[in-house]
Amino acid sequence: MELEQTLAKYFGYTTFRPGQREVIEAILAGKDGIALLPTGMGKSLCYQLPGYILQKPVLIVSPLLSLMQDQVEQLKRIGEKRVVALNSFLSLTEKRYALHFLEQYRFIFTSPEMLLQQQVQEKLAKMELSLIVVDEAHCISQWGFDFRPDYLRIGEWFSQEKRPPVLALSATATQKVVNDIRTTLSLHAPFEFMYNVDRPTISLGRVVFADRADKAKWILQHIKETAGPGILYMSSRKRAEQYSEAFTQAGLRVAAYHAGYGAEDRQFIQQQFIDGELDWIVATNAFGMGINKSDIRQVIHETMPANVANYMQEIGRAGRDGEPALAILLYCDGDEELAKFVVTGDLPSASHVDRYQELVRQQVQPSNMLKNGELSETAFRVLAYWSQKESVEQVKARLNQLVLEKYQAVDEMLKITQTKDCIRTQLVGYFGQKLQEKPENCCENCGIHYDEINTERLKEEKKVEMIPWESRLKQLLIGF
DNA sequence: CGTAACCCTGATAACAGGGTTACGGTGCGTTATT
């Protein structure tokens with residue numbers, strides 16, 4: 001059957017979106033692949049369609065439980081019953097059942113951590129898969145080395161034996177991230193499809209402040225006077241809460257969001273935002289992955305993110321409906337120091353490496369280190385991962401290297417806050433691409449026509465405030 | 001590592017300036033308590 005016929009039969013579409021056909025054909029030809037497609041451009045179809053053609057299960061490794069649930073629901077909505085999310089939401093009985101009948105499912109979603117459990121591994125060893133998908137594959141690079149080491153173990157697992165094609169999917173990935181994906185997954189001459197990373201409808205604003213108080217004043221004013229829906233990214237949980245409270249007191253529909261809240265609260269806030277009951281989310285970088293909201297008009301960074309990849313990922317949440325949107329990066333001297341601390345603050349130290357080895361030598365459980373609270377659970381897991389693989393000296397060198405790389409990544413982001421050249425050109429450059437065409441309201445340095453837009457806005461105001469979102473965008477562009 | 005908020009001191013009134021302290025992100029799975 002032709003691909004189009006299968007597409008129509010299962011998904012009801014008549015044509016493919018850019019890249020989908022190429023990626024699917026490569027997979028069907030047995031090749032590995034890396035596909036970078038913006039959210040909303042049908043990434044998941046790249047594995048769902050092959051799932052219907054290759055009559056064996058597709059395994060999808062996903063970073064978040066909520067993401068898995070969404071994907072499962074989405075598939076069930078189009079009538080697919082043979083789909084399962086193998087994760088800790090399942091009770092022991094449910095998990096046993098799912099594992100027992102695992103080969104019967106068409107789509108199996110799971111986390112890296114669950115995938116690597118012995119019982120899952122044993123089951124998978126007896127099964128034949130048609131395809132392994134690593135969804136949101138930038139997580140390998142973003143999390144694998146110092147946060148969720150199991151992201152690195154995915155590649156170790158299937159590199160050793162005969163395996164089906166592997167497809168890595170992500171919205172955006174810098175050159176470094178693509179390299180990390182390729183090497184840690186040991187992809188064999190992968191087919192690579194990279195959609196244009198530039199999002200011409202997002203204007204790239206930037207405001208530099210003399211001190212923090214000025215910045216705070218600007219934020220308070222800006223949020224009060226401009227329209228959402230928007231995300232205000234903060235670099236600390238506490239500040240997210242403080243700002244959120246200030247806005248709430250000013251009568252705005254705002255909520256804070258960070259990983260300190262329980263899963264239910266987070267789900268609730270996210271849903272309120274999606275449903276339009278909240279205009280602003282004041283969040284840490286915990287917010288965003290898997291958010292399906294097309295009309296986000298603004299993404300503001302109170303402090304710069306830790307690297308360019310994260311920045312692109314975060315601003316890319318704006319304007320998915322194709323209508324104009326605005327990203328504003330705020331900077332104040334010294335902001336990079338906080339970013340540097342935050343990204344390296346929880347790494348194990350050289351003395352931790354020594355102590356780990358010492359405990360192993362004495363045949364004491366290294367996890368005893370956790371009892372007196374000298375390092376976090378995350379730091380311990382990272383330490384354990386590397387210590388099991390490498391010598392004490394190698395681990396120390398690796399950790400030092402990691403710190404250096406993280407600092408460099410922050411410095412690259414810092415350049416964007418300081419450049420006098422076109423921000424868009426520079427940003428796109430980090431993704432190995434060349435800017436095709438500058439949009440009219442390109443960036444702070446090329447000139448965003450705030451004045452023009454402001455005048456229009458005034459004219460607009462004299463008429464009526466009825467044109468739903470056009471007038472909102474104009475409102476949104478004041479405050480400069 | 002750097003910042004901000006806090007406290008203390010000195011010398012007799014308000015407050016400058018030194019010292020101290022608290023604070024800073026991301027998620028899985030499992031297990032022991034409410």
Side-chain angles (χ1 to χ4, degrees), chain A residues 61-69 85-92 94-95 99 109-121 135-136 138-154 209 211-213 215-216 233-243 256-263 266-267 282-291 301-307 309-311 313-314 332-347 349 367 370-371 376-382 384-385 402-404 406-407 409-411 413-414:
Chain A
V61 183
S62 172
L64 303 180
L65 300 177
S66 58
L67 220 56
M68 286 181 227
Q69 301 303 120
L86 186 63
N87 60 34
S88 61
F89 283 166
L90 301 182
S91 69
L92 216 64
E94 290 169 327
K95 185 178 169 188
L99 272 175
F109 291 85
T110 196
S111 65
E113 288 82 1
M114 184 64 83
L115 171 70
L116 293 157
Q117 283 186 4
Q118 201 187 337
Q119 42 183 334
V120 179
Q121 291 278 291
D135 200 10
E136 307 288 353
H138 60 277
C139 293
I140 293 172
S141 183
Q142 191 189 331
W143 284 346
F145 299 96
D146 66 340
F147 185 54
R148 290 173 71 177
D150 283 348
Y151 255 105
L152 301 184
R153 290 196 175 106
I154 302 172
F209 298 91
D211 61 57
R212 302 242 151 99
K215 187 157 81 177
Y233 276 111
M234 314 287 291
S235 55
S236 98
R237 294 175 176 186
K238 201 172 164 185
R239 261 195 282 180
E241 287 180 22
Q242 285 167 346
Y243 273 93
Y257 183 103
H258 58 68
Y261 297 131
R266 291 171 64 170
Q267 188 64 40
V282 190
T284 61
N285 60 355
F287 187 78
M289 228 188 324
I291 299 292
H301 281 85
E302 188 261 352
T303 46
M304 58 183 196
N307 56 60
N310 284 9
Y311 184 63
Q313 198 92 28
E314 286 163 5
C332 167
D333 203 24
D335 282 353
E336 66 276 17
E337 301 301 338
L338 178 60
K340 284 182 182 175
F341 179 84
V342 164
V343 292
T344 56
D346 197 27
L347 286 173
S349 68
S367 56
L370 283 170
K371 284 183 184 147
S376 72
E377 210 182 324
T378 301
F380 177 77
R381 208 178 8 263
V382 170
Y385 174 76
L402 211 52
V403 171
L404 270 173
K406 299 235 163 203
Y407 282 1
V410 173
D411 286 335
M413 191 57 222
L414 184 61

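Residue numbering restarts at 1 for every chain, and letters A, B, ... go by the order of the sequence lines.
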Any A/Arg381 side-chain heavy atom under 4.5 Å of A/Arg148 side chain: no
Donor-acceptor pair between A/Ser91 and A/Glu94 side chains, under 3.5 angstrom: yes
Between A/Asp135 and A/Ser62: side-chain donor-acceptor atoms closer than 3.5 Å: no
Residue pair A/Thr303, A/Asp335: steps toward the side chain to side chain donor-acceptor pair (under 3.5 Å) verdict: CA-CA 6 Å; A/Thr303 46; A/Asp335 282 353; 5.9 Å; no
Ion pair A/Asp146/A/Lys406, N-O distance below 4.0 Å: yes
Between [N] atom [atom2] and [X] atom [atom1], what is the distance in whole Å?
X        : N      : atom1 : atom2 : result
A/Glu302 : B/dG25 : CD    : C1'   : 14 Å
A/Leu338 : B/dA22 : CG    : C1'   : 14 Å
A/Asp335 : B/dA4  : CG    : P     : 10 Å
A/Glu337 : B/dG2  : CD    : P     : 5 Å
A/Arg212 : B/dG24 : CZ    : P     : 14 Å
A/Glu314 : B/dG25 : CD    : P     : 14 Å
A/Met304 : B/dG24 : CE    : C1'   : 14 Å

For [N] and [M], measure between their [atom1] atoms and round to the nearest Å.
N      : M      : atom1 : value
B/dA14 : B/dC8  : C1'   : 15 Å
B/dA11 : B/dG18 : P     : 15 Å
B/dT12 : B/dA16 : C1'   : 16 Å
B/dG29 : B/dT33 : P     : 23 Å
B/dT9  : B/dA13 : C1'   : 14 Å

Sugar-phosphate only, base, or nothing, as touched by A/Lys340 at under 4.0 Å among non-hydrogen atoms: nothing
Contact pattern, 5' to 3', of nucleotides 26-34 of chain B - B, S or - by protein heavy atom under 4.0 Å: BBSBS----
Spacing of NE2 belonging to A/His138 relative to CD belonging to A/Glu136, to within rounding of 0.5 Å: 5.0 Å
Over all atoms of both residues, closest heavy-atom pair of A/Leu64 and A/Met289: CD1-CB, 3.9 Å
Watson-Crick and G-U pairing of DNA chain B written in dot-bracket, each distance under 3.5 angstrom, with | for inter-strand partners: ((((((((((....))))))))))..........
Atom CG of A/Asp333: over 12 foreign heavy atoms under 6.0 Å: no
Parallel, tilted or perpendicular: ring planes of A/His301 versus A/Tyr233, cut at 30 and 60 degrees: parallel
DNA chain B: 5'-proximal contact among A/Gly334 and A/Gly345 (nearest heavy atom): A/Gly334
